There are 2 protein chains.
Amino acid sequence: MATTLKDIAKKLGISEATVSLALNNNSLVNEKTKKRVHEAAKELKYFPNMIAKGLATNKSNTIGIIVPDINIVFYANILRAVDEIVNRAGYSLLAAMSNDDPKVEEEIIRTFISKRIEGVLAVPTNQPTKFLTSYQKALKEHNIPLVYITSLYTIDGIRYVMGDIREGTYMLVNHLVELGHKDIVFIGGNRTVPTTSLRREGYGRALTEHGIPIDEKNLIECDGIHYDQAVLATEELLQERHDFTAICAMNDEMALGVVNTLQKAKIRVPEDVSVVGYDNTIFSKVSMVGITSMDSDIEGTCRQAVDMLMQVIRGEEPEEPHIMVRPAIVQRQSSGKARR
Amino acid sequence: MATTLKDIAKKLGISEATVSLALNNNSLVNEKTKKRVHEAAKELKYFPNMIAKGLATNKSNTIGIIVPDINIVFYANILRAVDEIVNRAGYSLLAAMSNDDPKVEEEIIRTFISKRIEGVLAVPTNQPTKFLTSYQKALKEHNIPLVYITSLYTIDGIRYVMGDIREGTYMLVNHLVELGHKDIVFIGGNRTVPTTSLRREGYGRALTEHGIPIDEKNLIECDGIHYDQAVLATEELLQERHDFTAICAMNDEMALGVVNTLQKAKIRVPEDVSVVGYDNTIFSKVSMVGITSMDSDIEGTCRQAVDMLMQVIRGEEPEEPHIMVRPAIVQRQSSGKARR
DNA sequence: CTGTTAGCGCGTTCAA
DNA sequence: TTGAACGCGCTAACAG
């Protein structure tokens with residue numbers, strides 16, 4: 001049996017309550033007994049029982065996070081950052097992955113509620129979904145605050161912190177235009193998903209501002225947002241035409257697929273075609289030519305998301321429930337002057 | 001306030017105990033009342049309070065896992081597999097990352113114990129460490145079973161399930177030898193760490209069995225086991241000599257670094273030099289030439305580790321506390337006949 | 001400053 | 001088949 005408050009109270013001949021206060025460094029109890037208590041605790045190898053504490057205080061000291069799939073580098077980055085920040089704030093993190101499966105999501109929410117999670121962070125899937133309502137409803141009924149990371153919902157009362165991918169893509173395309181590029185292909189996912197549509201907006205604005213017309217055939221829509229789909233898209237593109245001088249991929253993994261496919265076709269990067277990615281993940285580094293990318297400041301994003309969540313947990317209403325984090329460009333070798 | 005057993009008991013005019021039994025589908029309570037209880041529970045949106053339950057049963061229904069860093073693809077793979085398996089077994093998973101920092105590890109263990117985790121899985125760091133004792137001691141004192149994943153300790157009473165990397169490397173080098181290779185370079189990490197030393201053993205055995213002498217200069221030791229270190233090692237290698245026909249890297253990320261560096265130096269893969277990796281992670285796929293690798297059967301490994309842990313939790317002693325999981329080769333384009 | 005008491009929500013006796 | 005009573009380990013309110 002583990003040693004309890006009672007054990008150490010008995011040993012010292014004082015009451016449980018005093019021991020409890022002493023261990024929590026409450027100023028009500030005098031220094032000498034505090035010291036005795038701490039020593040006894042160490043001696044008896046006392047470990048507070050958080051579940052008992054949780055029952056008594058009705059607080060779990062835990063926050064939950066839902067990510068679609070931890071095997072995706074970008075989500076792993078988020079999880080890592082959140083874990084660190086949450087721990088530093090004295091909370092535990094309960095992580096769960098949904099695999100983009102609504103059934104799993106529901107199960108996760110049930111578990112979260114049963115564990116009396118104090119707040120949840122959610123990184124929504126990359127598919128056009130309606131799960132929004134299911135999350136919201138169950139959590140709201142139980143008064144559990146929710147903050148989205150890296151997504152955008154304009155629905156009322158939804159709090160989020162996201163990287164400003166529209167602005168980031170704008171900056172990236174701007175960078176290309178300034179290098180002399182006019183024929184820039186954008187490779188992304190389903191156009192109805194915010195993560196793609198926002199990037200398209202940024203892409204469009206950069207071109208328009210420079211008086212470059214937007215050509216529909218430069219906007220490629222893939223079935224997914226991973227390496228294989230980018231390879232496929234690039235192969236198809238190369239069969240049709242070679243008149244573009246740059247490719248803007250929606251993330252680094254896809255950019256890597258683009259670079260490899262181009263090089264396989266003896267097209268030099270960046271001499272013949274420039275390529276840019278997004279997120280500054282490991283994929284932008286493990287390429288034969290380093291890939292110019294955007295650092296989304298994941299850490300900053302997560303920090304602000306956790307801060308916002310903590311505010312809501314404390315009962316304060318955050319003054320600004322929608323935060324956009326400005327990214328920064330990371331130049332590598334894959335982007336250079338336009339040919340000719 | 002969340003609805004409790006009491007609420008639904010009151011509503012139905014029966015006792016809390018009956019409700020509790022009914023919700024747990026205990027056969028003592030008759031079907032009709034069971035049904036009424038379940039309906040009332042749904043109606044009142046009852047969610048069992050796991051912390052109260054935990055206190056009453058003295059069980060947290062949670063197991064903990066420690067990984068060095070979730071940003072490393074291989075560990076993320078493990079975490080994902082374990083999460084799924086543990087959930088299916090009706091447990092929750094509490095994940096923590098140590099960053100290879102003993103202080104953090106200690107903190108994690110404290111939290112685990114305080115949360116009355118029922119068992120822990122640990123994926124040890126890749127450095128020669130002594131943390132073993134600290135883990136062991138604290139957990140043993142609290143009677144919390146521990147199973148290691150993907151590591152090897154020959155110390156008594158330590159349970160583990162690991163991929164048989166010695167055998168896997170043997171198979172891989174064998175594969176190369178059968179393709180006619182004799183001058184095979186091995187690129188790994190610190191030789192005193194089991195994950196490297198075991199691979200070296202497999203490498204050595206494959207050569208010896210074919211009567212090929214082991215050349216010390218073919219055994220390269222890096223400061224780390226990531227992309228950059230592999231690039232560096234390959235660059236240095238190429239400055240010295242070109243007499244090798246194959247490179248066996250200790251993991252896919254390093255293999256990718258090798259392939260890229262070779263190609264940058266206009267050395268063709270596999271025509272001039274064959275390359276193999278290990279773990280069959282995404283890195284073996286996002287290369288210009290797909291990298292031949294070893295599938296460690298992470299899922300199988302994790303399943304067995306969880307099974308073993310569950311056995312110990314139930315109080316049974318696993319008949320075989322040391323399990324080696326046999327890997328399978330995955331051939332891709334990076335390995336071919338030796339030149340000349 | 002310290003002790004007493006009463007729950008927190010649930011499972012588990014033991015009676016009825 | 002059900003109900004009453006108790007305890008898990010801790011905190012909180014109040015009393016001394």
Side-chain angles (χ1 to χ4, degrees), chain A residues 1-38 40-41 44-62 90 110-111 113-118 142-143, chain B residues 1-38 40-41 44-62 90 110-111 113-118 142-143:
Chain A
M1 217 43 223
T3 93
T4 72
L5 277 189
K6 199 186 287 180
D7 297 327
I8 115 151
K10 206 173 291 174
K11 179 185 167 88
L12 261 44
I14 59 181
S15 86
E16 290 179 56
T18 308
V19 175
S20 170
L21 292 175
L23 288 176
N24 291 322
N25 274 317
N26 190 305
S27 58
L28 286 177
V29 46
N30 103 26
E31 285 305 325
K32 217 183 291 179
T33 48
K34 242 190 226 176
K35 216 172 114 188
R36 287 179 60 214
V37 168
H38 278 112
L44 295 178
K45 285 161 190 159
Y46 170 77
F47 279 68
N49 183 329
M50 293 305 272
I51 45 185
K53 178 172 183 161
L55 184 58
T57 58
N58 198 23
K59 291 187 49 181
S60 61
N61 227 263
T62 303
R110 293 192 73 80
T111 312
I113 296 177
S114 276
K115 297 218 165 202
R116 298 303 189 259
I117 291 289
E118 295 184 37
H142 287 262
N143 248 314
Chain B
M1 216 44 225
T3 94
T4 71
L5 278 190
K6 198 186 289 180
D7 298 325
I8 116 150
K10 205 173 291 172
K11 177 185 169 86
L12 261 43
I14 59 182
S15 87
E16 291 180 53
T18 309
V19 176
S20 171
L21 292 176
L23 288 175
N24 290 323
N25 274 316
N26 190 306
S27 58
L28 286 177
V29 46
N30 99 30
E31 286 303 327
K32 218 182 288 178
T33 47
K34 243 190 225 176
K35 216 172 114 186
R36 288 179 60 215
V37 168
H38 277 113
L44 295 178
K45 285 161 190 163
Y46 170 77
F47 280 67
N49 183 330
M50 292 304 272
I51 39 190
K53 178 173 184 163
L55 184 56
T57 58
N58 198 23
K59 291 186 50 182
S60 61
N61 227 264
T62 303
R110 293 192 73 82
T111 311
I113 295 177
S114 277
K115 298 217 165 204
R116 299 303 190 257
I117 291 287
E118 296 184 36
H142 286 263
N143 248 315

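Chain letters run A, B, ... following the sequence lines, proteins first and then strands; every chain starts at 1. Not measured: the values here are computed from a predicted model.
Using modelled atom types, no side-chain atom of A:E16 and backbone atom of A:A9 make a donor-acceptor pair closer than 3.5 Å. For B:S114 (side chain) and A:M50 (main-chain N/O), no donor-acceptor pair under 3.5 Å exists by modelled atom type.
A straight line from CG of A:L21 to P of D:dA13 spans 12 Å, rounded to a whole angstrom. In this structure, B:N58 places its CG atom 14 Å from C1' of D:dC10, rounding to the nearest Å. In this structure, A:K59 places its NZ atom 15 Å from C1' of D:dC10, rounding to the nearest Å. Taking atom NZ of residue B:K34 and atom P of nucleotide D:dT2, one finds them 10 Å apart after rounding to whole Å. Rounded to whole Å, atom P of C:dT2 lies 11 Å from atom CG of A:L12. Between the CD atom of A:E16 and the C1' atom of C:dT5 there is a distance of 11 Å, rounded to whole Å. Look at NE2 on B:H142: it is 13 Å from P on D:dG9, rounded to the nearest Å. Distance CG (A:N49) to C1' (D:dT11): 13 Å, rounded to an integer number of Å.
With C:dC10, D:dA12, C:dG9 as the choices, the nucleotide that has an atom nearest any side-chain atom of B:K53 turns out to be C:dC10. Here the nucleotide nearest the side chain of B:A17, chosen from C:dC8, D:dA4, D:dG7, is D:dA4. The side chain of B:L55 has C:dG9 as its nearest neighbour among D:dC10, C:dG3, C:dG9. Counting only heavy atoms from C-beta on, B:T4 has its side chain closest to C:dG9 among D:dT11, C:dG11, C:dG9. Among C:dG9, D:dC8, C:dG3, the nucleotide with an atom closest to any side-chain atom of A:K6 is D:dC8.
Taking 4.0 angstrom as the limit, A:T18 places a side-chain polar atom (N or O) nearer than this to OP1 or OP2 of C:dG3. For the OP1/OP2 pair of C:dT2 and a distance below 4.0 Å, the side-chain nitrogens and oxygens of A:T33 include at least one atom meeting the criterion. Residue A:N30 places at least one side-chain N or O closer than 4.0 Å to OP1 or OP2 of C:dT2. A close approach under 4.0 Å does not occur between any side-chain nitrogen or oxygen of A:S15 and OP1 or OP2 of C:dT2. At the phosphate of C:dG11, OP1 or OP2 sits under 4.0 Å from a side-chain N or O atom of B:N24.
Using a 4.5 Å cut-off on side-chain heavy atoms (C-beta onward), B:K115 and A:T62 make contact.
Among residues at least two apart or in separate chains, side-chain hydrogen bond (donor to acceptor under 3.5 Å, both in side chains) pairs with a member in residues 17-26 of chain B are B:S15-B:T18.
Using a 4.0 Å heavy-atom distance criterion, A:I51 is classed as making no nucleic acid contact. Residue contacts shown for B:L5 are limited to sugar-phosphate atoms, with no base heavy atom under 4.0 Å away.
Expressed to the nearest 0.5 Å, how far CZ of B:R36 lies from CD1 of B:I8 amounts to 9.5 Å. Residue B:T4 holds its OG1 atom at 9.0 Å from CG of B:N49, rounded to the nearest 0.5 Å.
Two residues, B:A56 and B:V29, neighbour DNA chain D, and the one matched to the more 5' nucleotide by heavy-atom proximity is B:V29.
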